[in-house]
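Read the structure below first, then the notes.
Positions are given from 1 along the sequence. All ligand and atom numbering here is 1-based and tracks the order in the structure. All values below come from the heavy atoms of this structure, side chains included, with hydrogens, waters and symmetry mates left out.
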Amino acid sequence: MAAAAAAAAAVKRVVVTRALPAATMARLTSRPDIAVTAWEAEGAMPAAALGAAVAAGGGAAGVVCMLTDAIDAALLDASPALRVVSTMSVGYNHIDVAACKARGVSVGYTPGILTDATADLVVALLLATARRLPEAWSAVKSGEWSSWSLFWMAGKAVAGATVGIVGAGRIGSAVGRRLRGFGCPILYTGASGRKPELEAELGGGATYAPLDDLLAASDFVVVLCSLSPATRGLFNRDRLLRMKPDAVLINASRGEVVVQDDLVAVLRERPTFAAGLDVTTPEPLPTDSPLLTLPNAVVLPHIGSSTTACRTEMADMAVRNVLAALDTGTPLLAVPL
Ligand code: GLV
């Protein structure tokens with residue numbers, strides 16, 4: 001009887017906030033020392049349900065979450081047994097990492113795994129915005145396409161254009177590599193300053209520039225920095241107006257890096273300016289958002305890493321991070337706390 005009680009007490013509960021592939025779930029469910037509470041319904045797990053699941057039965061030891069789940073101090077306090085939070089994302093601004101550190105909770109994430117998928121999407125969005133693909137496709141469907149015409153649907157040339165990358169981390173560097181293939185000189189800026197290894201890798205085609213110089217000189221500005229107090233609202237009216245009047249802004253970091261109302265105003269004032277956004281504030285973007293009425297804005301539903309292969313690998317890594325943290329105390333890919 002005592003042995004059975006001890007075995008039950010040794011079982012650690014893991015809350016999973018979204019349906020995961022069967023093979024990934026099996027990593028958890030095949031373990032006799034792990035019990036799983038999974039959110040099986042469509043869509044994001046509501047915050048109240050997540051709180052209740054974390055608190056239930058003496059408290060969860062691990063949480064596998066996504067960027068839509070707010071992991072704050074109150075949630076962490078719901079379970080005295082909590083040891084690890086593991087997110088299926090490279091960004092972790094939805095997790096209060098200081099609160100995790102204070103409580104001895106480690107944080108796992110999925111850097112590297114989504115670099116190529118996201119860099120591909122960024123280049124696709126840049127090309128789609130520059131060459132007005134959504135507008136052109138709509139014109140075909142609506143019958144607006146009457147005849148071949150010299151400047152109808154004329155867009156902005158990408159080959160050879162100067163591309164400024166704000167946040168030259170893994171994904172920013174991968175975007176730079178791709179766009180060097182288009183003959184684009186790359187300017188970059190970011191919290192880590194000059195990166196001689198990136199400049200060497202891009203064969204001298206990349207140059208470090210302070211943000212204001214980069215904004216003034218770039219035909220395309222690609223935002224890939226992480227969201228932090230320093231980058232929240234970085235792209236306000238003042239900085240947007242420092243860009244060339246016919247520049248294209250691409251944001252695939254977090255919506256909050258751009259002051260969206262300022263962006264809408266600048267897009268209205270400058271019809272030659274354009275924006276391609278994979279991230280917005282809020283998400284999902286309400287269908288009555290003024291952004292969706294502007295011909296010079298292309299909006300995607302935060303699909304940077306969304307290939308089947310990449311999302312499968314992200315989910316698997318998130319679960320392996322939880323298991324490693326519960327077994328050894330440290331996720332395989334751990335956010336430095
Ligand atoms: C996506 O935005 C991520 O952070 O993985």
Assess whether a salt bridge exists between [X] and [Y], defined as any Lys/Arg side-chain N lying under 4.0 Å from an Asp/Glu carboxylate O.
X	Y	result
D116	R178	yes
D33	R31	yes
K195	E201	no
D261	R237	no

Need the list: ligand 1 N/O atoms against protein N/O atoms, distance under 3.5 Å, rounded to one decimal.
{"residue": "ligand 1", "atom": "2 (O)", "partner": "R254", "partner atom": "NH1", "Å": "2.7"}
{"residue": "ligand 1", "atom": "2 (O)", "partner": "H302", "partner atom": "NE2", "Å": "2.7"}
{"residue": "ligand 1", "atom": "4 (O)", "partner": "V90", "partner atom": "N", "Å": "3.3"}
{"residue": "ligand 1", "atom": "4 (O)", "partner": "G91", "partner atom": "N", "Å": "2.8"}
{"residue": "ligand 1", "atom": "4 (O)", "partner": "R254", "partner atom": "NH2", "Å": "2.8"}
{"residue": "ligand 1", "atom": "5 (O)", "partner": "V90", "partner atom": "N", "Å": "2.8"}

*Could you state the interatomic distance from CG (L267) to CG (L291), rounded to the nearest 0.5 Å?*
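Going from CG on L267 over to CG on L291, the span is 7.0 Å.
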Checklist entry - So which heavy atom on R232 is nearest to which on L227, and how close? => result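 Heavy atoms of R232 and L227 come nearest at NH2-CD2, 3.7 Å.
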